[in-house]
Amino acid sequence: MSVRTRFAPSPTGYLHVGGARTALFSWLFARKHGGSFVLRVEDTDEARNTPEARDAIFSGLKWLGLDWDEGEGKSGDYGPYNQSERRANYDPWFEVLREKNRVYEHDGAWRFRFERKPVTMHDLVCGEVTIDYRDESNTPDMVIRRSDGSYVFHFVNVVDDLDMRITHAIRAEDHLMNTPKHLQLFEALGAPAPQYAHIPLILNPDGSKMSKRDVGAALGDYSRQGFLPSAVVNFLALLGWSPKSDEEIFTLDELVARFSLEAVNRSPSRFDAEKCAWVNQQHLLKLDSAAFAEAAKPFAQAAGLPVDGDYPAAAALVREKVRLLSEVPAAIHFLLADSFDLDPEAVEKVRANPAAKDLLSALADDFGKLADWSAEAAKHQIGETAKAAGAKPGQLMFPVRVALSGKSGGPDLGDILALLGRDRCVARLRASTGKIG
RNA sequence: GACCCGUUCGUCUAGCGGUUAGGACUCUGGAUUUUCAUUCCAGCAACAGGGGUUCGAUUCCCCUACGGGUUGCCA
């Protein structure tokens, strides 16, 4: 029997990073075993469902690269894949329970009669867990059908997993205590239950439960902040799962090859934005210049920078300098704009050397006389100008950087000189020297 | 409160009876780079506490503390 996993979100908010990771692990497990990944939308709570939330789920999964085999936009043998459209599937199973006298009416609602015995689950992550249903006060019979005739989560979740032939239900740990209830339902229905795997929750940096509104909770924020989907997937995989080696940077394909539920933790982990940014930087480093420029383009456009002409070349110069794509516009602004601001702190450092101003003026003159312009030629001239004034080349490099970019950090100076060209360099040298003096 | 799960550097983690407790992020130094960054090297930093079991416990058991989850006619 081939593996079938599912992701079963309810469309009541944006896609949460915890949900995204649950989806990731389910997807990885299915792909690892050549199985199917089903996307089922649990939209039975009409009051809280929104179309925006539905779209956030679909677009979020697509952004991460987690494609589903059955569900929204796909055909499949076990549909429909929206719970709101599955009413007809539930009634027959409810009848089975009624015939077996496993349900009884109470205040208009129908409750499932638990068998009063210890129930042991064999969780693929948590191991054996036993809940004693003889303690009725702790495990009251649960409502599975409301007085308005609609079915409750526990019942539809079980019936859907059954009807959809789900073999492995991978879900977050907040469902752990639901599992023996579901196991009882499967047993009463006379059907085999899927194997369950409960993965630990993701917490806030301070250890509190990460929920809506918390920083970093919404998956949609990550693209806006300049994260690459491959980096988010990579980082999420490292939360609660370990490759059991010192390697940390993986592509989605590499994760599929290495993933296993045995290597999933049992303890909750906190979300560390710093490390997530570092992982993103590592993924950025794997992009070639053209791909990097393309990925950063939306951010440049949003910042009002022109994305034709020098843009691709400018973006390429900062590929190794940024951790997030959102940092690109500020990093290349001086290369594409006509005017830029001088950072006061950088100017102070230049002023610390009394000779800097004269050196810059001399360099502007010498640059103007240069016939051939290239990174090498310009850098060579910096050395010559410095030497002529009895200074070391290094003493002039930093002032030139500040005069041309306004900042103390940035791309390689040779790259800056080459991209700006002789005339712009001379003009900026003169203009900035005046301001520095 | 009851029930369940968990607890290794600040954070993510390796470890499955005997290790100088390893790696990564962050931070701090240094090397390289005539600039910036990358890179490299070094350093700081952990087994929650108490009992057992054992020749020997971070590893196994119990208790306590702490954290999290569940306790809905939400999912």
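Hydrogens, waters and symmetry mates are skipped; everything else that's a heavy atom, side chains included, is used. Just so it is clear: chains get the letters A, B, ... in the order the sequence lines come, proteins before strands, and each one is counted from 1.
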Distance-only donor-acceptor test, Asp412(A) side-chain atoms vs U35(B) base atoms, 3.5 Å: yes
Which residue lies more 5' along RNA chain B, comparing Leu203(A) with Met121(A) via nearest heavy atoms: Met121(A)
Touch class at under 4.0 angstrom, heavy-atom based, for Gly108(A) against every strand present: nothing
Stepwise side-chain hydrogen bond (donor to acceptor under 3.5 Å, both in side chains) check, Arg87(A) with Ser150(A): CA-CA 8 Å; Arg87(A) 281 297 285 270; Ser150(A) 63; 5.9 Å; no
Nucleotide of U35(B), A75(B), C73(B) approaching His154(A) most closely (side-chain heavy atoms): A75(B)
Interatomic distance at C1', C61(B) relative to U54(B), whole Å: 12 Å
Given U26(B), U7(B), A75(B), the nucleotide with the shortest approach to the side chain of Ser267(A): U7(B)
Proximity to the side chain of Ser242(A) - top-ranked nucleotide from C3(B), U13(B), A24(B): U13(B)
Pairwise P distance for U26(B) and C60(B), with rounding to whole Å: 32 Å
Interatomic distance at P, G29(B) relative to G69(B), whole Å: 40 Å
G22(B) to A45(B) separation - P atoms, rounded to the nearest Å: 12 Å
Short side-chain N/O contact to G72(B) OP1/OP2 from Arg146(A), under 4.0 Å: no
Sugar-phosphate only, base, or nothing, as touched by Arg111(A) at under 4.0 Å among non-hydrogen atoms: sugar-phosphate
Sugar-phosphate only, base, or nothing, as touched by Asp107(A) at under 4.0 Å among non-hydrogen atoms: base
Rounded distance in Å between the C1' positions of U7(B) and C47(B): 10 Å
Sugar-phosphate, base or nothing in reach of Ser408(A), heavy atoms under 4.0 Å: sugar-phosphate
Asn353(A) CG - U35(B) C1' separation (whole Å): 14 Å
Plane angle bin for Phe259(A) and Phe29(A) - parallel if under 30°, tilted between 30 and 60°, otherwise perpendicular: perpendicular
Among C3(B), A75(B), C5(B), the one nearest Ile131(A) by side-chain distance: C3(B)
U34(B) pairs with, by Watson-Crick or G-U criteria that keep both distances under 3.5 Å: none
Is there any protein nitrogen or oxygen under 3.5 Å from a nitrogen or oxygen in nucleotides 29-34 of chain B, and what are the pairs?
from, atom 1, to, atom 2, distance (Å)
U34(B), O2', Gly394(A), N, 3.4

Side-chain donor/acceptor contact of Lys244(A) with base of A14(B) under 3.5 Å: no
Sugar-phosphate, base or nothing in reach of Asn178(A), heavy atoms under 4.0 Å: base
Listed nucleotide nearest any side-chain atom of Glu320(A), set A37(B), A75(B), U11(B): A37(B)
Integer angstrom distance from the C1' of C40(B) to that of U19(B): 27 Å
Nearest-neighbour nucleotide for the Gln281(A) side chain, U70(B), U38(B), A75(B) considered: U38(B)
Trp110(A): which of Tyr90(A), Tyr104(A), Phe94(A) passes ring pair (Phe, Tyr, Trp, His ring centres under 6.0 Å): Phe94(A)
Aromatic ring pairing His198(A)/Tyr196(A), orientation class (parallel under 30°, perpendicular over 60°, tilted between): parallel
Ser26(A) and Thr5(A): side chain donor to acceptor below 3.5 Å: no
Which atom of Leu239(A) lies closest to which atom of Arg270(A), heavy atoms considered: CD1-O, 4.0 Å
side-chain N/O Asn49(A) vs A75(B) OP1/OP2, d < 4.0 Å: no
Polar contact flag, side-chain donor to acceptor under 3.5 angstrom, Ser137(A)-Asp135(A): yes
Between Tyr78(A) and Asp160(A): side-chain donor-acceptor atoms closer than 3.5 Å: no
U58(B) pairs with, by Watson-Crick or G-U criteria that keep both distances under 3.5 Å: none
Touch class at under 4.0 angstrom, heavy-atom based, for Ser10(A) against every strand present: sugar-phosphate
Distance below 4.0 Å between Asn265(A) side-chain N/O and U13(B) OP1 or OP2: yes
Selection from A37(B), C4(B), G68(B) that lies nearest to any side-chain heavy atom of Lys321(A): A37(B)
Strand partner of A21(B), provided both Watson-Crick or wobble distances fall under 3.5 Å: none
Separation of atom CE in Met142(A) from atom P in C74(B), rounded to whole Å: 14 Å
Residues Tyr133(A) and Arg116(A): side-chain donor-acceptor under 3.5 angstrom: no
RNA chain B: 5'-proximal contact among Arg266(A) and Pro205(A) (nearest heavy atom): Arg266(A)
Flag for Asn280(A)-His283(A): side-chain donor and acceptor within less than 3.5 Å: no
Sugar-phosphate only, base, or nothing, as touched by Thr44(A) at under 4.0 Å among non-hydrogen atoms: sugar-phosphate
Distance, rounded to the nearest Å, where Phe153(A) contributes CZ and A75(B) contributes C1': 6 Å
His175(A) aromatic ring stacked with six-membered ring of A75(B), 5.5 Å and 30°: yes
Who pairs with G43(B) - Watson-Crick or G-U, where each distance is under 3.5 Å: C27(B)
Nucleotide forming a Watson-Crick or wobble pair with A14(B), both distances under 3.5 Å: none
Between P of U11(B) and CD of Glu248(A), the distance in whole Å: 16 Å
Any Arg40(A) side-chain N or O less than 4.0 Å from OP1/OP2 of A75(B): no
Touch class at under 4.0 angstrom, heavy-atom based, for Gly410(A) against every strand present: base
Rounded C1' spacing from A14(B) to G23(B) in Å: 7 Å
Which nucleotide in U35(B), U11(B), C74(B) has an atom nearest any side-chain atom of Arg270(A): U11(B)
Nearest-Å distance once atom C1' is located in both A37(B) and A31(B): 16 Å
Spacing between Leu201(A) atom CG and G69(B) atom P, to the nearest angstrom: 7 Å
Among C3(B), C74(B), U35(B), the one nearest Arg401(A) by side-chain distance: U35(B)
Nearest-neighbour nucleotide for the Lys275(A) side chain, C12(B), U70(B), A75(B) considered: C12(B)
Atom pair CG/CD of Asp141(A) and Glu136(A) - distance to nearest 0.5 Å: 6.0 Å
Nearest heavy atoms of Arg98(A) and Val103(A), plus distance in Å: CA-CG2, 3.6 Å
Side-chain donor/acceptor of Ser269(A) to base of C12(B), under 3.5 Å: no
